[in-house]
Enquirer: 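One structure, as structure tokens, below. Some questions next.
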Amino acid sequence: MEKWMLIDGNSIIYRAFFALPPLTNSAGKHTNAVFGFTTMLLKLLEQEKPTHVLVAFDAGKITFRHEGYTEYKGGRQKTPPELSEQFPVLKELLGAFGISQFELSGYEADDIIGTLTRRADEQGVPAVVVTGDKDMLQLASDNITIAVTRKGVSEVDLYSPDAIKEKYGLEPLQIIDLKGLMGDASDNIPGVPGVGEKTALKLLHEHGTVENVLDNLDKLKGKLKENIETHKDSAMMSKKLATIYREVPIEQEADEIRYGGYDSGKLAEAFRKLEFKSLIDRLELGADAGEAEDAAQAAASELTIRVIESESDAAELDRLLRSLGESEENGLFIESIGENPHHAELVGLAIATEEAVYVLPFAALAKPFAAKLRDWLGQPDKPKYGFDLHKNELALLWSGIRLEGAAFDVQLAAYLLDPTDTSQTLSSVSDKHGLPVLPTDEAVYGKGAKFKLPDEQTLYRHLALKAEAVRRLVPVLTEELNRTNMSKLYFEMEQPLARILAGMEHLGIKVEKEELEKLGVDLERQLTTIISDIYKLAGTEFNIGSPKQLGEILFEKLGLPAKKKTKTGYSTDAEVLEELAPYHEIISLILHYRQLAKLQSTYVEGLLKEVRGETGKIHTYYRQTIAATGRLSSQFPNLQNIPIRLEEGRKIRKAFVPSKPGWSILAADYSQIELRVLAHISGDENLKEAFIHDMDIHTKTAMDVFGVTAGQVDANMRRQAKAVNFGIVYGISDFGLSQNLGITRAEAGRFIEQYLDVFQGVRRFMDDIKKDAKRDGYVTTLLGRRRYLADINASNFNLRSFAERTAMNTPIQGTAADIIKLAMVQMDAALRERGLKSRMLLQVHDELVFEVPEEELELMKKLVPDTMAGALKLDVPLKADVSYGSNWYEAK
DNA sequence: ACATTCACG
DNA sequence: ACGTACGTGAATGTT
């Protein structure tokens with residue numbers, strides 16, 4: 001039994017575009033409308049099971065409707081570019097689905113669909129029309145059902161003639177009369193002024209058609225009568241415009257829109273390009289199923305996989321080593337379980353060479369017979385081409401196996417090529433750079449609670465495929481780095497840094513548990529008191545840590561004025577509470593509670609959990625491939641956010657001590673590195689001058705912005721100038737600055753104007769960088785690090801503004817990140833060359849922390865700041881301040 | 001799994 | 001008119 005499904009392409013893609021939040025793939029292409037269209041399509045295909053499917057599109061701008069009424073669809077906003085670019089994508093995707101598409105010059109999608117429904121009626125074939133437009137209800141009949149989207153495009157209401165009767169009390173064809181009277185703002189159909197849906201329905205229930213209403217005008221009275229009288233031509237024309245034309249000369253036969261189901265392979269490929277991962281999973285098109293599975297199997301079957309498990313495989317091992325000796329081309333993949341490499345469980349490794357892929361379970365690598373392979377891993381002159389070698393090196397180190405000789409790291413390179421791409425699995429990197437489909441780890445291992453290693457055969461095959469993917473990605477990414485001028489950045493900075501980080505992390509920093517415990521006891525005592533005080537003031541016990549319960553107490557029970565709201569309820573963040581402080585004494589207690597609770601849970605208890613029993617040290621894990629600006633990040637635990645701003649929290653730093661008695665903690669931090677970078681890249685003479693004379697930059701800014709002398713700058717002026725400087729670095733907006741300073745937007749705007757007048761080079765930089773970003777789609781740091789800005793040309797104000805601020809901030813923050821990374825590479829070399837015992841322990845964005853033996857203290861007090869200041873030559877001097885003490889707190 | 005809050009530069 | 005400061009990670013509560 002035949003069943004047709006006729007889809008109003010334009011209407012659905014428009015609705016989907018406005019209903020879904022912006023969505024882009026990693027190449028920056030907008031995909032939200034296509035995604036919405038696709039989910040709706042899949043749902044309806046499933047629900048309706050049509051034998052024929054057609055998507056109709058409007059063609060061209062002028063249709064026959066414009067002939068009588070040139071304003072038809074006038075006043076419409078131009079289609080946003082984010083949507084226009086999705087039309088060809090959708091058409092291509094429909095191709096992959098195997099779904100026919102029609103468009104016919106001079107006609108709209110409605111007319112094509114109207115014509116086909118007429119045929120369906122004539123032939124007695126059932127059809128469903130899918131649209132976002134209620135006009136189409138006029139096509140409903142015993143054969144024809146209209147599916148109108150609701151809630152964006154996620155659901156549809158089905159209208160049969162009976163359903164229309166029930167809802168409007170009208171026959172399908174009377175929908176045209178309805179439009180004639182009430183008009184349609186979106187199509188610029190005028191109708192009759194003052195007549196909306198209610199009135200129009202009342203008139204039609206009485207008289208049936210527009211013509212009859214006009215014939216019976218004498219039965220009406222007042223303003224309504226007058227309106228219809230004067231606009232009767234408009235009513236008739238509107239009716240005509242709303243009438244779907246059902247005689248479009250369509251040559252195709254029904255057979256040509258027959259739908260035989262989609263080809264999984266083609267659809268999977270199309271979804272992958274669009275990065276519709278959830279849909280791949282939903283249709284089980286993923287790498288663990290169907291075509292992709294076949295592809296993976298095919299790829300694996302083309303590989304020669306040699307498994308080395310025990311001493312009896314010694315011959316294979318020799319072969320591997322010979323292979324590695326003959327050609328330096330290889331691909332190394334080391335599998336470990338767990339995010340934290342300090343605790344990772346090693347699973348196994350695979351090495352791809354030109355002739356075969358060798359796989360060893362980790363147990364085999366640890367055995368005596370594998371000594372030669374372990375040697376190979378540790379030899380700096382034997383090149384390794386790997387994936388996340390930093391993590392590999394660290395994980396192996398804890399098993400006493402060294403990994404040296406990094407020649408190329410696919411993950412690190414992929415990060416430089418697009419630091420905003422958050423999916424850094426080998427499978428996604430491989431996919432993104434055009435290699436054949438690789439099963440995802442999730443497909444092979446499962447995720448979360450379901451994580452499980454598969455049988456050996458599957459596991460070995462997976463590792464082999466990954467090693468082979470690494471081998472094949474190396475030349476591709478090397479070439480990409482060349483093309484984007486990032487080779488130097490990669491080979492001279494990021495790759496050497498990876499090893500340095502692994503060394504710092506493995507070394508760790510000593511923490512006095514007793515010090516933290518002491519602080520913990522003290523905090524506990526204070527918390528107990530404060531909690532009972534809060535309960536007393538609230539008149540009830542509740543969970544202070546629950547924003548929901550706290551909100552109820554403050555804003556309902558105590559009746560305090562609610563300022564901000566979050567998605568889920570009242571906001572109770574510090575900013576809100578500070579404003580409420582004058583109203584009730586409970587507020588300051590809550591703020592104090594929050595502060596102490598944070599210290600206790602995150603810093604006392606959290607850090608204590610991370611101290612290794614054997615050594616009394618904490619080992620953080622720096623991640624080199626996370627931050628979009630090029631900064632490092634720190635995890636397990638984060639040692640880049642140890643309290644310092646408030647004295648109570650700052651005491652936490654007393655627990656961070658040197659690992660050897662008599663040594664010191666030495667810390668050096670860059671002074672105003674971001675503003676110095678700005679002075680350099682903007683070339684602003686005034687700002688450069690300020691740094692060349694090493695002036696207090698906030699005082700200098702206050703002098704220029706307020707037009708006063710140094711002596712006239714008071715603390716408040718300096719504070720405001722400091723906020724302006726922060727704003728400049730973040731990509732200034734008057735609103736942001738006004739929020740920060742608690743002043744009006746107009747005042748903030750004047751500050752900014754004043755600033756940009758005095759620092760005209762900065763103004764030029766801000767303007768130029770935005771222009772460059774719009775032209776190129778990315779911005780770069782001084783050393784050529786790139787960041788793509790997908791939304792820089794968006795029509796959505798918010799998205800575009802965000803991208804513009806990012807365009808201004810990234811070169812500044814990113815260049816500062818480049819500089820300290822360079823300093824780290826140089827410091828590491830300096831310590832080595834001079835054979836010093838001092839060790840670099842931590843990096844906190846603009847600060848480096850060392851432990852230093854007594855006899856090297858004098859030297860390091862000079863070497864560290866000099867190296868940091870000299871890391872990169874700028875047009876302004878760089879400056880680093882150094883301090884030291886018996887612990888990190890004292891090094892201030 | 002997601003939202004809120006808050007610690008750092 | 002739009003409604004924001006840039007970049008992170010961890011703990012806790014809620015769904």
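Letters A, B, ... mirror the listed sequences (proteins, then strands); counts begin at 1.
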Enquirer: With a 3.5 Å distance limit and no angle check, can you tell me whether A:Thr602 reaches the backbone of A:Gly606 through a side-chain donor-acceptor pair?
Expert: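 Absent.
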
Enquirer: Mind jotting down which residue pairs meet the salt bridge (charged side-chain N to carboxylate O under 4.0 Å, His left out) criterion with at least one end in residues 544-554 of chain A? Sequence neighbours excluded, please.
Expert: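 Sorted pair list comes back empty.
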
Enquirer: With rounding to the nearest 0.5 angstrom, report the OG to CD1 distance, A:Ser634 to A:Ile626.
Expert: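 A:Ser634 OG to A:Ile626 CD1: 11.5 Å, rounded to 0.5 Å.
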
Enquirer: Under 4.0 Å, heavy atoms only, any strand: does A:Ala803 hit a base, just the sugar-phosphate, or nothing?
Expert: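 Counting heavy atoms under 4.0 Å across all strands, no contact is made by A:Ala803.
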
Enquirer: Indicate whether any N or O donor in one side chain lies under 3.5 Å from an N or O acceptor in the other, for A:His390 and A:Glu505.
Expert: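 Their side chains do contain a donor-acceptor pair, which is all the 3.5 Å distance test asks for.
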
Enquirer: Using a cut-off of strictly less than 4.0 Å between a heavy atom of the residue and any atom of DNA chain B, enumerate the qualifying residues of residues 644-655 of chain A by number.
Expert: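 Listed by number, they are A:Ile644, A:Arg645.
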
Enquirer: Do A:Glu890 and A:Lys654 sit within salt-bridge range, that is, some charged N less than 4.0 Å from a carboxylate O?
Expert: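 No, no charged N to carboxylate O under 4.0 Å.
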
Enquirer: Reading DNA chain C in the 5' to 3' direction, which nucleotide is the first one with an atom under 4.0 Å from a heavy atom of chain A, and which is the last?
Expert: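 Contact boundaries, 5' end first: C:dC2 to C:dT14.
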
Enquirer: Find the distance between CD1 (A:Ile587) and CG (A:Leu577) and round it off to the nearest 0.5 Å.
Expert: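 The CD1 atom of A:Ile587 sits 5.5 Å away from the CG atom of A:Leu577.
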
Enquirer: Could you give the distance separating C:dA5 and B:dC2 at their C1' atoms, to the nearest angstrom?
Expert: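 Each nucleotide's C1' atom is 24 Å from the other's.
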
Enquirer: Looking at A:Arg750 and A:Glu753, is any side-chain nitrogen of the basic one under 4.0 Å from a carboxylate oxygen of the acidic one?
Expert: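 Looking at A:Glu753 and A:Arg750, the cut-off is not met.
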
Enquirer: Tell me what A:Asp669 touches on the nucleic acid: a base, only sugar-phosphate, or nothing, going by heavy atoms under 4.0 Å.
Expert: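 No contact at all - A:Asp669 keeps every heavy atom at 4.0 Å or more from the nucleic acid.
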
Enquirer: Could you check whether A:Gln739 gets within reach of a base, just the sugar-phosphate, or nothing at all, counting any heavy atom under 4.0 Å?
Expert: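 It contacts nothing in the nucleic acid.
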
Enquirer: Regarding A:Ala817, tell me which of base, sugar-phosphate or nothing describes its non-hydrogen contacts under 4.0 Å with the strands shown.
Expert: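 Nothing: the residue A:Ala817, judged by heavy atoms under 4.0 Å, touches no strand.
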
Enquirer: Give, ordered by number, those residues of residues 591-606 of chain A having at least one heavy-atom distance below 4.0 Å to an atom of DNA chain B; if nothing qualifies, reply none.
Expert: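 Residues of residues 591-606 of chain A under 4.0 Å from DNA chain B: A:Arg594, A:Lys598, A:Tyr603.
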
Enquirer: Any base atoms under 4.0 Å from A:Arg623, or only sugar-phosphate, or nothing? Heavy atoms, all strands.
Expert: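 Result for A:Arg623 = nothing.
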
Enquirer: Report which part of the nucleic acid A:Ile626 touches: base, sugar-phosphate, or nothing (heavy-atom distance under 4.0 Å, all strands).
Expert: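 If one applies the 4.0 Å heavy-atom cut-off, A:Ile626 turns out to touch the sugar-phosphate alone, with no base involved.
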
Enquirer: Is it true that the NZ or CZ of A:Arg745 lies under 6.0 Å from the centre of A:Phe735's six-membered ring and within 45 degrees of the ring axis?
Expert: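 No, A:Arg745 and A:Phe735 do not form such a contact.
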
Enquirer: With a 3.5 Å distance limit and no angle check, can you tell me whether A:Asp684 reaches the backbone of A:Ala679 through a side-chain donor-acceptor pair?
Expert: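 Absent.
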
Enquirer: Using the C1' atom on both, measure B:dA7 against C:dG3 and round to a whole Å.
Expert: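 So the two C1' atoms sit 26 Å from each other.
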
Enquirer: What stems, by residue range, does DNA chain C take part in, given at least 3 consecutive Watson-Crick or G-U pairs under 3.5 Å?
Expert: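 In DNA chain C, stems of three or more pairs: B:1-9 with C:6-14.
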
Enquirer: Whole-Å distance between B:dG9 P and A:Met868 CE?
Expert: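 So the two atoms are 13 Å apart, to the nearest Å.
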
Enquirer: So which heavy atom on A:Ile792 is nearest to which on A:Arg800, and how close?
Expert: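 Of all heavy-atom pairs spanning A:Ile792 and A:Arg800, the closest is O-CG, 3.4 Å.
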
Enquirer: Assuming nearest nucleotide by heavy-atom distance, tell me which of A:Ser733 and A:Thr810 is located more 5' along DNA chain C.
Expert: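 Checking each residue's closest nucleotide, the 5'-ward one belongs to A:Ser733.
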
Enquirer: When we call it a touch if two heavy atoms are under 4.0 Å apart, what does A:Phe735 touch: a base, just sugar-phosphate, or nothing?
Expert: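 Since a base atom lies under 4.0 Å of A:Phe735, the category is base.
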
Enquirer: Using the P atom as the point on both nucleotides, what is the distance between B:dC6 and C:dC2, in whole Å?
Expert: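 To the nearest whole Å, 28 Å.
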
Enquirer: Classify A:Asn740 by what it touches in the nucleic acid, base, sugar-phosphate, or nothing, heavy-atom distance under 4.0 Å.
Expert: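 Since a base atom lies under 4.0 Å of A:Asn740, the category is base.
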
Enquirer: Grab the CG-P distance between A:Asn543 and B:dT4 for me, whole Å please.
Expert: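 Taking CG of A:Asn543 and P of B:dT4, I get 17 Å after rounding.
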
Enquirer: At their closest point, which heavy atom of A:Gln549 faces which heavy atom of A:Phe542, and how far apart are they?
Expert: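 Where A:Gln549 meets A:Phe542 most closely, the heavy atoms are OE1-CB, 3.5 Å.
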
Enquirer: Could you go through the salt bridge (charged side-chain N to carboxylate O under 4.0 Å, His left out) check for A:Arg763 and A:Asp757 one step at a time?
Expert: CA-CA 8 Å; A:Arg763 188 195 289 275; A:Asp757 280 347; 2.8 Å; yes

Enquirer: Tabulated below should be each protein N or O lying under 3.5 Å from an N or O of nucleotides 1-3 of chain B; please produce it.
Expert:
none

Enquirer: Starting at the 5' end of DNA chain C and moving along, which residue's nearest nucleotide shows up first, A:Gly545 or A:Asp734?
Expert: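 Nearer the 5' end of the strand: A:Asp734.
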
Enquirer: At 4.0 Å (heavy atoms only), tell me whether A:Ile812 reaches a base, stays on the sugar-phosphate, or touches nothing.
Expert: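 If one applies the 4.0 Å heavy-atom cut-off, A:Ile812 turns out to touch nothing in the nucleic acid.
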
Enquirer: Mind checking the OG1-CZ spacing from A:Thr701 to A:Phe751? Nearest 0.5 Å is all I need.
Expert: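 Rounded to the nearest 0.5 Å, the OG1-CZ separation comes to 12.0 Å.
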
Enquirer: Taking A:Arg764 first and then A:Asp767, would you say they form a salt bridge - that is, a charged N and a carboxylate O separated by under 4.0 Å?
Expert: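 A salt bridge is absent here (no side-chain N lies under 4.0 Å from a carboxylate O).
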
Enquirer: Between A:Glu804 and A:Lys771, does any NZ, NE, NH1 or NH2 come within less than 4.0 Å of an OD or OE carboxylate oxygen?
Expert: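 No salt bridge links A:Lys771 with A:Glu804.
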
Enquirer: Closer than 4.0 angstrom, basic N to acidic O: yes or no for A:Lys821 and A:Glu494?
Expert: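 Looking at A:Glu494 together with A:Lys821, the answer is yes, because their closest N to O distance falls below 4.0 Å.
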
Enquirer: Using a 3.5 Å distance criterion without hydrogens, assess whether the side chain of A:His619 forms a donor-acceptor pair with backbone atoms of A:Ile509.
Expert: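 No: the side chain of A:His619 does not pair with the backbone of A:Ile509.
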
Enquirer: Contact class for A:Val729 (heavy atom, under 4.0 Å): base, sugar-phosphate, or nothing?
Expert: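 The residue A:Val729 makes no contact with any strand.
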
Enquirer: With a 4.0 Å cut-off on heavy atoms, is A:Asn641 in touch with a base, just the backbone sugar-phosphate, or nothing at all?
Expert: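 Touches a base.
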
